[in-house]
Amino acid sequence: MIMPALFFADTDEEAMRIWLFKTEPDTFSLNDLRAAPDGTSGWDGVRNYQARNRLRDEVSNGDRVLIYHSSCKVPAIVGEAEVVSNAYPDPTQFTAGHAGEPRWYQVDVRYHRHFPEPLSLATIRDHAEFADMELVTRPRLSIQQITDRQYQQILALCGIDEPRSASGAA
DNA sequence: GCCAACGTTGGC
DNA sequence: GCCAACGTTGGC
């Protein structure tokens with residue numbers, strides 16, 4: 001049997017990925033995550049198939065997550081967290097006495113930091129280099145991918161002077 | 001609160 | 001499997 005190279009690339013290397021998770025701060029904010037026990041909470045309530053597929057198949061323990069506040073006064077990237085579990089069934093999908101094959105998944109995330117300067121959606125739209133960010137091109141997707149380059153640019157705009165190395169390779 | 005864009009559902 | 005109707009998202 002021949003395994004496609006991509007199979008190994010995805011499963012062997014486990015390169016750290018960078019994501020952007022959207023949340024409505026009125027419901028669950030970065031402050032709420034910080035205040036959670038251990039600064040850790042399950043990221044539940046994702047009810048979109050593409051977002052679900054990413055959570056289940058691509059998001060993995062150790063990945064980095066930018067937290068974006070939506071549906072609020074100043075929609076913005078406000079800080080950062082990290083993924084501290086692999087995907088598991090979202091328990092909020094099961095109503096009492098109605099368990100079954102899980103359809104929705106979640107991961108656990110742990111608070112890392114607020115950024116000194118939140119990066120507003122308006123500012124992101126003003127920067128041509130962010131034109132291909134999913135926040136711009138697919139604004140409704142709740143689990144978004146961030147490239148390494150975008151990540152470095154975002155950190156700089158958010159007032160982070162000495163970003164952690166974004167990948168294992170220096 | 002409005003409304004455009006988008007995702008999902010369900011009849012055929 | 002098409003597509004109209006409907007529901008949701010989320011910026012403004």
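Quick caveat: nothing in here was measured; it's all calculated off a predicted structure. Within every chain, numbering begins at 1; the chains are lettered A, B, ... in the order of the sequence lines, protein sequences first and strands thereafter.
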In terms of relative ring orientation, are A:Trp104 and A:Tyr49 parallel, tilted or perpendicular, with 30° and 60° separating the classes?
tilted
Less than 3.5 Å apart, any donor N or O on the side chain of A:Asp32 or A:Ser29 sitting next to an acceptor on the other?
yes
With a 4.0 Å cut-off on N to O distance, would you call A:Asp90 and A:Arg47 a salt bridge?
yes
A:Tyr111: what forms a ring-ring contact (aromatic ring centres under 6.0 Å, His included) with it, not counting sequence neighbours?
A:His114
Just the table, please: protein N/O against nucleotides 7-11 of chain B N/O, every pair under 3.5 Å.
from: B:dT8; atom 1: OP1; to: A:Tyr49; atom 2: N; distance (Å): 3.4

Can you list the residues that meet the salt bridge (Lys or Arg N to Asp or Glu O under 4.0 Å) rule with A:Arg54, with sequence neighbours excluded?
A:Glu134
